[in-house]
Amino acid sequence: MINKTARSVAEALAGVQDGATVLIGGFGTAGIPNELIDGLIAQGAKDLTVVNNNAGNADTGLAALLKTGRVRKIICSFPRQTDSYVFDELYRAGKLELELVPQGNLAERLRAAGAGIGAFFSPTGFGTELAKHADGSPKETREINGRHYVLEMPIYGDVALIKAERGDRWGNLVYRKAARNFGPVMATAARHTVATVHEVVELGALDPEHIVTPGIFVHRIVKIDRVATQGGGFKQAA
């Protein structure tokens, strides 16, 4: 019997290795798998490369992971906001490497990894510093139909940590509105995907037409409680 339900976050994250590339879903405060991030902190893996849309808020979630000093590099599109002081301090001190990627390119590089696409040309970033590799060398460019493009490579993950709304024991997932964000493409781009869900439902309870991430891309699911988020989410009782 296929049953991908883990008894705990610790069980689901037991296999994360030092040096892993970890894809972490979330957009602003929507869809951040905070329970899995806290579990990764407790698990102890180090020398990590983290891929996320931003670089953490305040002292919780991704920022808390950065604060442990166990992240070597972050790949993101929006590293700075009013409360990104943990990232700022680490980056300015030379303790954290940054690869800045335009948001659309970030999503497409992840999607390309999951779709088996070796590389793709994007017009975004042409003629800017973003058209260079980390060592300053230029990325390959090409003119196609009169427009200039930059060659972008897929982003593969060793593990993806995502947050969904409901799932079944086969790992099929549906999401809640904007909490969907990067979860679906990250699940396809990683060798091992762990998802938190608020409900584990019986097989057949999810309409196949509504399933966003098929279970073939998910290896473990963990049931968590609903918690109100800073951006709204589930409102606390008055």
Side-chain angles (χ1 to χ4, degrees), residues 16-28 32 37 40-41 45-57 61-81 83-144 147-162 181-183 185-192:
V16 180
Q17 301 293 313
D18 293 349
T21 295
V22 184
L23 315 179
I24 300 179
F27 184 93
I32 299 175
I37 297 173
L40 184 60
I41 294 172
K46 59 183 183 297
D47 194 32
L48 302 174
T49 295
V50 168
V51 183
N52 185 260
N53 185 59
N54 60 26
N57 303 86
L62 179 54
L65 177 60
L66 296 181
K67 199 170 184 177
T68 65
R70 300 206 299 263
V71 177
R72 177 183 63 83
K73 177 180 179 180
I74 186 165
I75 302 173
C76 69
S77 62
F78 191 64
R80 298 196 66 203
Q81 51 262 341
D83 58 354
S84 61
Y85 47 82
V86 173
F87 164 80
D88 285 352
E89 291 174 4
L90 291 170
Y91 181 70
R92 292 179 186 278
K95 297 179 180 179
L96 181 65
E97 182 181 346
L98 169 67
E99 181 179 342
L100 187 63
V101 182
Q103 191 173 88
N105 282 0
L106 181 66
E108 187 65 5
R109 289 177 65 186
L110 291 162
R111 192 196 70 82
I117 296 173
F120 63 93
F121 284 99
S122 171
T124 305
F126 179 83
T128 74
E129 292 297 308
L130 296 176
K132 296 180 180 179
H133 295 289
D135 62 3
S137 62
K139 296 180 180 179
E140 181 181 342
T141 60
R142 185 173 299 184
E143 183 176 344
I144 304 173
R147 191 174 188 184
H148 295 284
Y149 293 80
V150 181
L151 184 67
E152 298 289 351
M153 307 302 291
I155 297 175
Y156 300 96
D158 295 299
V159 61
L161 308 181
I162 61 176
N181 51 69
F182 285 90
V185 290
M186 286 184 169
T188 66
R191 295 185 179 90
H192 186 87

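Count residues from 1 along the sequence.
Formation of a donor-acceptor pair under 3.5 Å by the N57 side chain with backbone atoms of D83 is not found in this model. Side-chain atoms of N53 never come within 3.5 Å of backbone atoms of F27 as a donor-acceptor pair (strictly under, hydrogens ignored). Remark: the backbone N or O of C76 is not paired with any side-chain donor or acceptor of N52 at under 3.5 angstrom. Checking side-chain atoms of R70 against main-chain N and O of A45 turns up a donor-acceptor pair under 3.5 Å.
Looking at I117 and P154, their side chains never come closer than 4.5 Å, going by heavy atoms from C-beta outward. Contact of the V150 side chain with the S122 side chain is not registered, since no non-hydrogen atoms from C-beta on lie closer than 4.5 Å. By the 4.5 Å heavy-atom criterion applied to side chains, T141 and L151 are not counted as neighbours. Between F87 and I74, some side-chain heavy-atom pair lies under the 4.5 Å cut-off. Between L40 and V16, the closest side-chain pair of non-hydrogen atoms falls below 4.5 Å. Between L130 and P102 the shortest side-chain heavy-atom distance falls below 4.5 Å. Counting heavy atoms from C-beta on, the side chains of I155 and I75 come closer than 4.5 Å. For the pair I24 and I37, the minimum side-chain heavy-atom distance is below 4.5 Å.
Applying the 6.0 Å contact sphere to NZ of K67 captures no more than 12 heavy atoms from other residues, nucleotides or ligands. Remark: R72 CZ is packed, more than 12 non-hydrogen atoms of other residues, nucleotides or ligands lying under 6.0 Å away.
Remark: M153 CE to E140 CD distance equals 9.5 Å, nearest 0.5 Å. The CD atom of Q17 sits 11.0 Å away from the CG atom of L48 when rounded to the nearest 0.5 Å. Note that the CG atom of N54 and the OG atom of S77 stand 7.5 Å from one another [nearest 0.5 Å].
Remark: D88 engages R80 in a salt bridge, criterion side-chain N to carboxylate O under 4.0 Å. Ionic pairing of R109 and E99 is present here: one or more N-O contacts between side-chain nitrogen and carboxylate oxygen are shorter than 4.0 angstrom. A salt bridge links K139 with E152: at least one charged nitrogen is closer than 4.0 Å to a carboxylate oxygen.
What you find for G26 and F182 is that their closest heavy atoms are O-CD1, 3.8 Å.
A ring pair (Phe, Tyr, Trp, His ring centres under 6.0 Å) check over residues 121-143, counting only residues at least two apart or in different chains, returns the pairs F126-H148.
Paired with R191 under the rule side-chain contact (heavy atoms from CB on, under 4.5 Å), one option of D158, T21, V159 passes, and it is D158.
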| task | Using the side chain to side chain contact (heavy atoms under 4.5 Å, CB included) rule, take Y149 and E143 through it: C-alpha gap first, then chi angles, then the decisive distance, then the call. | result | CA-CA 6 Å; Y149 293 80; E143 183 176 344; over 6 Å; no

| message | Assess the residue pair L90 and L66 against the criterion (side chain to side chain contact (heavy atoms under 4.5 Å, CB included)); give the C-alpha distance rounded to whole Å, side-chain angles, the decisive distance to 0.1 Å, and a yes or no. | response | CA-CA 8 Å; L90 291 170; L66 296 181; 3.9 Å; yes

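Side-chain contact of T188 with R111: a donor-acceptor pair under 3.5 Å is absent, judged by distance alone.
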